[in-house]
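Hydrogens, waters and symmetry mates play no part in the numbers below; they use all other heavy atoms, side chains included. The sequence lines fix the lettering, A, B, ..., with proteins before strands; numbering per chain opens at 1.
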Amino acid sequence: MASDDLWVLGISMTKFGKHPDKDMVDLASEAVLGALADGGVTMADMGVVAAGSLMAASAGIGQQLQKQLGQTGVPVYNVANACATGATALRVAMMAIKAGEADMGLAFGVEKLAGAGLLTGGSRKDDSGTFTPSGRYGAVAPIDGRIGTEIMPGVFAQIGMEYGHRYGGTSFELFARISEKNHMHSTLNPLAAYSKKMTLEEIMGDFMVAYPNTRPMCSANCDGAAAAVVISGAKLRTLSLEQQRRAVKVAASVLTTDPWEESCQILPDVNTLTRNAATTAYEQAGIGPSDLDLVELHDCFATAELVHYDNLMLCEPGGAVDFFESGATWRDGAMPVNVSGGLESKGHPIGATGIANVWEVATHLRGEAGPRQIEGARVGMTHVIGLGSACGVHILEKSAA
Amino acid sequence: MAKQIPLVDYLVLGDQPHLVAHQCTSCGARFFDRRNACASCGLTDFAMVDIPTDGEVRAFTIVAFAAPGIPVPYVAAMVDCGGTSVRANLINVPADPDHLSLGMSVRLATEVIGTDDEGTEAIGFGFEPKEA
């Protein structure tokens, strides 16, 4: 292993779901202690801590964790970056190592969102008083629901529909079948928030949130945490052969934002920044999409998963519908996608998501995924996207040790 | 006739209601909000331009669940008005997939969205299907 390689030494996630008896520090502690034990190291070995939480970054969740697990005096970076928060925390720890400021670092992400409902979109009271223009649009009254929608299920519904308009072949049923796949996958994942199989009829007949996304086609708000210990190649060489064998190589780590495109301030463009991140990641890793054995991508809604097949170049441009129809993205297909159950079924505790997906891929590369193991997995990709926007992509490779 | 005020400052009322945008004089990028600079090229000079009132639906969703106080269902959409993308609701059409289609031709329409304590009407906009 080259000295300037980056590796995941230890990694862990909590069960996603409802944890009414645990606060965010409890959840984060469980994940962090799990990652440290998995890597055979302690808090005293960590030269840097990156703490991701959309809801608690401003409350210093990183220092709160230190006050339970070890106040070692090392720098803590509390980060929030929409749904890319976890991946951003991971990148911060990696950048500190690449910069030579630490040889081992901790990244964790945590959120408590069970029962949170819609996370965006403003409520509306009766209009009263005197209409007075305010804000960047000079609006005299709230515009959510009057000039389009700000709710995520509606925004991502349009993103899937726009793909359908450009290339054809989409339908309510097609998007529902993507969700059916992910709900089926999660039946093998004991850490998923929802692990019950759902039939196509149940998914299509469920409560409609924003056509064509019904409730099970939306990411599941839930509680959870995930944590990773990252390490330089030089430092890893000083550890035991068993630690070197189980370490997972970070072949690419990329974060992008959305470059300006004509319609990007009207309907968020989740495509260009994902394609840019994937392109850079493939270059960094020196591989192509056909080398991937599994992918965990950001299926915040069923309508989003479809467009990311294309954005991550898992299929030909414009070919996402045919690619899905071929069965490729089922766990027994040519390119298994979201074998964890994805955000729709495993769940989406926002800050944890971008580390939990790395845990999923790393667990397969280590051959430790039990009944849902993708046999012989050697290379995998993770992807998250947060509106605003930020996209994180990681490519992970099995250790040759 | 009651005094009227547009819901947003980029809606121009009058005999032919239409939308306007800030167009970057350097690169041509268009924006509906108050600008500090151009997000495409970074320069700071803008001119106001009229946006065509006819368009084509590039994406839509039927929002059936929203925050308290927001009537549902409603149809949110992205409309391509001669190369400029516009966010709007589709109005004067049932909020039902059978009456909506990608690529459908629409035109700008206005509607009263409320009246304040002084009797001033706020006028909003949406896009309605063009007659077949």
*Check whether the ring centres of B:F65 and A:F207 lie less than 6.0 Å apart, and answer yes or no.*
yes
Count the heavy atoms belonging to other residues, nucleotides or ligands that lie under 6.0 Å from [atom1] of [X], then report whether that count exceeds 12.
| X | atom1 | answer |
| --- | --- | --- |
| A:Y194 | OH | no |
| A:R136 | CZ | yes |
| B:D98 | CG | yes |
| A:E325 | CD | yes |

For the interface with chain B, which of [options] has the highest count of heavy-atom pairs at distances below 4.5 Å?
| options | value |
| --- | --- |
| A:C264, A:A210, A:G154 | A:A210 |
| A:G135, A:P133, A:S134, A:A139 | A:A139 |
| A:H165, A:E261, A:M161 | A:H165 |

Per-residue contact mode, [X] against chain A (heavy atom under 4.5 angstrom):
| X | answer |
| --- | --- |
| B:F31 | side chain |
| B:I5 | side chain |
| B:T84 | both |
| B:V57 | backbone |
| B:V86 | backbone |
| B:F60 | both |
| B:P6 | backbone |

*Give the intermediate values and the outcome of side chain to side chain contact (heavy atoms under 4.5 Å, CB included) for residues B:S85 and A:Q265.*
CA-CA 9 Å; B:S85 298; A:Q265 294 194 15; over 6 Å; no
Ignoring hydrogens, what is the shortest heavy-atom contact between [X] and [Y]? Give both atom names and the distance.
| X | Y | result |
| --- | --- | --- |
| A:A141 | B:I113 | CB-CD1, 4.2 Å |
| B:A122 | A:V140 | CB-CG2, 3.9 Å |
| A:I147 | B:F125 | CD1-CE2, 3.8 Å |
| A:A157 | B:T61 | CB-OG1, 3.3 Å |
| A:I143 | B:V8 | CG2-CG1, 4.0 Å |

*Hey, are the side chains of B:L7 and A:R146 touching, using non-hydrogen atoms and a 4.5 Å cut-off?*
yes
*Do A:Y211 and B:P97 have side chains that get closer than 4.5 Å, going by heavy atoms?*
yes
[X] versus chain B, heavy atoms under 4.5 Å apart: side chain, backbone, both or neither?
| X | result |
| --- | --- |
| A:N213 | neither |
| A:I159 | neither |
| A:I151 | side chain |

Supply the atom-to-atom distance [X] [atom1] to [Y] [atom2], rounded to the nearest 0.5 angstrom.
| X | Y | atom1 | atom2 | value |
| --- | --- | --- | --- | --- |
| A:F131 | B:E118 | CZ | CD | 10.5 Å |
| B:C27 | A:W260 | SG | CH2 | 6.0 Å |
| A:Q158 | B:L102 | CD | CG | 10.5 Å |

Is it the case that the side chain of [X] and the backbone of [Y] share a donor-acceptor pair, with hydrogens and angles ignored and the cut-off at 3.5 Å?
| X | Y | result |
| --- | --- | --- |
| B:D117 | A:T130 | no |
| B:N89 | A:G148 | yes |
| B:R87 | A:I266 | yes |
| B:R58 | A:E162 | no |

